Amino acid sequence: MKKGLLALSPLLVFVVLYLVTSIIARDFYKVPITVAFMASSIYAIAITRGQLRKRVNVFSRGAGTPEMMLMIWIFVLAGAFANSAKVMGSIDATVSLTLSFLPSNMLLAGLFLAACFISLSIGTSVGTIVALTPIAAGVATQTGASVAMVTAVVVGGSFFGDNLSFISDTTIISTQTQGCQPSDKFRVNSFIVAPAALVILCIYFIMGQEMNAPAHISDVDFHKVVPYLVVIITAVIGINVMAVLTLGIALTGIIGLWDGSFDVYGWLQSMGDGILGMGELIIITLMAGGLLELIKHNGGIDYIIEKLTRQVHGKRGAELSIAALVSVVNVCTANNTVAIITVGGIARKIGERFQLDPRKCASLLDTFSCFTQGVLPYGAQMLMAAGLASLNPIAIIPYLYYTFAIGVAALMAILFRYPKRYS
C-alpha cells in the first residue's frame with residue numbers, strides 16, 4: 001500500500017504546488033504550471049529506485065513516446081498556422097463573416113453546433129479545437145464576451161464527436177476491448193449523452209440572448225477567409241490534422257504574399273513567432289509525459305486498478321468501478337485513448353463476471369474517459385485551446401458545461417440503470 005501511494009505522490013505534489021497555492025493566492029497565473037510540473041518531475045525521479053541515469057531514462061521514455069511527439073508536431077504546426085493567419089488577417093475576416101452570418105443571440109449555440117458537427121465528422125477533439133478556437137476567441141473579443149467561456153464552448157463541443165464518432169480512437173478501442181460493434185455502442189451512447197447535448201444547446205441559446213453584436217462589423221475580405229474554410233473542410237473530409245495544418249500554412253503564405261499582407265520574411269517571422277508561442281505547451285507536454293511514465297513505472301496505475309476492483313459488488317458497483325477505473329487512469333496518463341487501452345481488458349472481465357451489457361460498458365469507458373480528459377488542465381485538448389486563445393487552461397474549466405454534463409449523464413445512467421434495455 002505504501003509503495004502504491006508513494007508512486008502516486010508526484011500527482012499530489014503537482015496539485016499542492018499548482019492548484020492549492022494558486023487558490024491561496026487567488027490567482028492561477030501566480031504559479032507557472034511549468035514550474036509545478038518541473039518540481040513534480042524532479043520529485044518523481046527522486047523517489048524512483050535505481051541508478052539516476054536509468055530513472056531519467058524512464059522519464060525520457062515517457063516524454064518521447066510517439067504519441068507525445070505527434071502532439072508536439074501538432075502544437076508546432078498549429079502555432080505556425082494560427083499566428084500566420086492572424087498576421088495575414090484571416091482571423092479578423094473569419095470573425096467578421098461569422099458575425100455577419102449569425103445573429104448575436106445564436107453565436108454560442110452556433111459555435112457549439114459547429115464544434116459538435118466537425119468533431120463528429122473527423123472523430124478528434126484536437127482537430128476541432130485547432131480549427132475553431134481562434135475563431136471563437138476572435139468572436140469573444142469582438143462581442144465583449146468572456147474569451148474563456150467562448151473557448152469552452154468549442155472544447156465542450158469537440159468532445160461530443162470524440163465520444164460518439166465512429167472513427168474516433170476512443171470508440172474503436174472501447175468497442176474492440178468490450179467485443180461489440182461501434183453502431184451498437186453509438187446507439188447506447190446516444191441515449192446517455194444526447195439529452196445532455198440538447199440541454200447545453202438550449203443553455204447556450206439562452207446565454208446568447210445577452211450577447212451584443214459589435215456596433216460596426218468590418219467588411220469581410222473573403223479571400224482571407226479561405227485558409228480557415230479550407231482547414232475546416234479538409235478536416236471534415238477526414239484528412240490528417242498535420243496535413244490540414246500544413247495546407248493552411250501554405251495558403252496563408254500564398255494569399256498573404258499575393259495581397260501584400262506581408263513579404264516572405266514577414267510570413268516566416270509570423271510562423272516563427274507562432275511556434276515560439278507554443279513553447280510552454282510543448283514543455284508541459286514533455287514533462288507531463290515523463291512524470292506519468294514514472295508513476296506507471298513505479299506501480300501507481302496497477303495500485304489504482306487493484307484497489308478499485310477489490311470492492312465490486314453487484315451490477316451498479318461493477319459499472320461504477322469501470323467508470324472510476326478509466327477516470328483515475330486517465331488522470332494519471334492525460335490521454336483518454338491510453339486510459340481505455342489500459343483498463344479495457346479489466347473492464348471486460350468485470351462485465352463478464354457481473355453479466356453487464358458490453359455495449360454499455362463500452363459507452364461508459366468512452367464517456368467517462370472523454371469527461372475526464374475534457375477537464376484536465378494538462379490534457380492535450382485544454383493545452384491546445386488555452387494556447388490558441390492565449391489563456392491559462394484553469395480559466396476555461398468553470399465554463400465546460402457540456403463536458404461536465406456528460407459526466408453527470410453517465411453517472412445517472414449507472415445509478416438509475418439507464419437505458420433500461422442495456423442495463
Side-chain angles (χ1 to χ4, degrees), residues 1 3-15 37 40-41 44 48 58-59 61-63 65-68 71 125 159 162-163 168-178 185 285 287-312 317-351 353 356 358 360-383 403 406-407 410-411 414:
M1 180 176 177
K3 182 181 178 182
L5 291 174
L6 184 65
L8 293 171
S9 61
L11 281 180
L12 181 62
V13 171
F14 172 76
V15 169
F37 266 115
S40 304
S41 299
T48 302
V58 174
F59 181 91
R61 185 173 69 235
T65 62
E67 293 79 14
M68 290 295 176
M71 192 54 57
S125 48
F159 278 99
D162 199 320
N163 182 212
S168 166
D169 288 348
T170 55
T171 292
I172 294 168
I173 295 168
S174 63
T175 53
Q176 285 181 343
T177 58
Q178 302 312 299
K185 178 258 184 189
T285 301
M287 288 198 291
L291 174 67
L292 298 171
E293 181 66 22
L294 282 171
I295 290 172
K296 180 181 178 182
H297 173 79
N298 290 330
I301 292 179
D302 291 337
Y303 172 78
I304 291 167
I305 291 172
E306 180 196 349
K307 287 296 180 183
L308 287 177
T309 54
R310 186 181 294 176
Q311 304 297 327
V312 177
E319 289 183 356
L320 284 171
S321 70
I322 290 172
L325 269 176
V326 75
S327 299
V328 176
V329 173
N330 205 142
V331 169
C332 295
T333 60
N335 187 309
N336 49 346
T337 303
V338 172
I340 295 173
I341 292 172
T342 303
V343 305
I346 297 166
R348 185 166 184 170
K349 289 179 182 178
I350 293 172
R353 179 181 172 187
L356 303 179
K360 188 174 183 185
C361 289
S363 297
L364 294 176
L365 279 172
D366 199 337
T367 305
F368 276 100
S369 71
C370 285
F371 157 68
T372 308
Q373 184 71 16
V375 298
L376 285 180
Y378 53 90
Q381 292 83 354
M382 288 285 282
L383 291 175
T403 315
I406 63 171
L411 182 61
I414 295 174

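The chain is numbered in sequence order, starting from 1. Fair warning: this is a prediction, and the values are worked out from it, not measured in the lab.
- In terms of modelled atom types and a separation under 3.5 Å, the side chain of Ser9 and the main chain of Leu6 share a donor-acceptor contact.
- Counting all heavy atoms, side chain and backbone alike, Ile322 lies closest to Cys361 at CD1-SG, 3.9 Å.
- Across every non-hydrogen atom of Ala410 and Leu364, the tightest pair is O-CD2, 4.2 Å.
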Table please: side-chain donor-acceptor pairs of residues 291-299 below 3.5 Å, with sequence neighbours left out.
from   : atom 1 : to     : atom 2 : distance (Å)
Glu293 : OE2    : Arg61  : NH2    : 3.4
Asn298 : ND2    : Thr48  : OG1    : 3.0
Asn298 : ND2    : Leu294 : O      : 3.2

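- Checked options Ser125, Ser168, Ser369; the residue passing with Phe159 is Ser125 (criterion: side-chain contact (heavy atoms from CB on, under 4.5 Å)).
- Looking at heavy atoms from C-beta onward, Asp162 lies out of side-chain contact with Gln373 at the 4.5 angstrom threshold.
- The OG atom of Ser321 lies 4.0 Å from the CD1 atom of Ile350; values are rounded to the nearest 0.5 Å.
- Between the OG1 atom in Thr367 and the CG atom in Leu411 there is a gap of 12.0 Å [rounded to 0.5 Å].
- Here the closest heavy-atom approach between residue Ala339 and residue Val326 is recorded as CB-O, 3.8 Å.
- Asp366 pairs by the salt bridge (Lys or Arg N to Asp or Glu O under 4.0 Å) definition with Lys185, not counting sequence neighbours.
- Taking both residues in full, the closest heavy atoms of Asp169 and Thr337 are given as CB-OG1, 3.6 Å, listed atom of the first, atom of the second, then distance.
- Considering only heavy atoms from C-beta on, Phe371 stays 4.5 Å or farther from Asn163 through its side chain.
- Side-chain contact between Thr177 and Ile341: absent, with no pair of heavy atoms (C-beta onward) separated by less than 4.5 Å.
- Residues Tyr378 and Val331 meet the side-chain proximity criterion, which asks for heavy atoms closer than 4.5 Å.
- Distance check, rounded to the nearest 0.5 Å: CG of Asn335 to CD of Gln381 gives 8.0 Å.
- Here the closest non-hydrogen pair linking Leu365 and Val343 is CD2-CG2, 3.8 Å.
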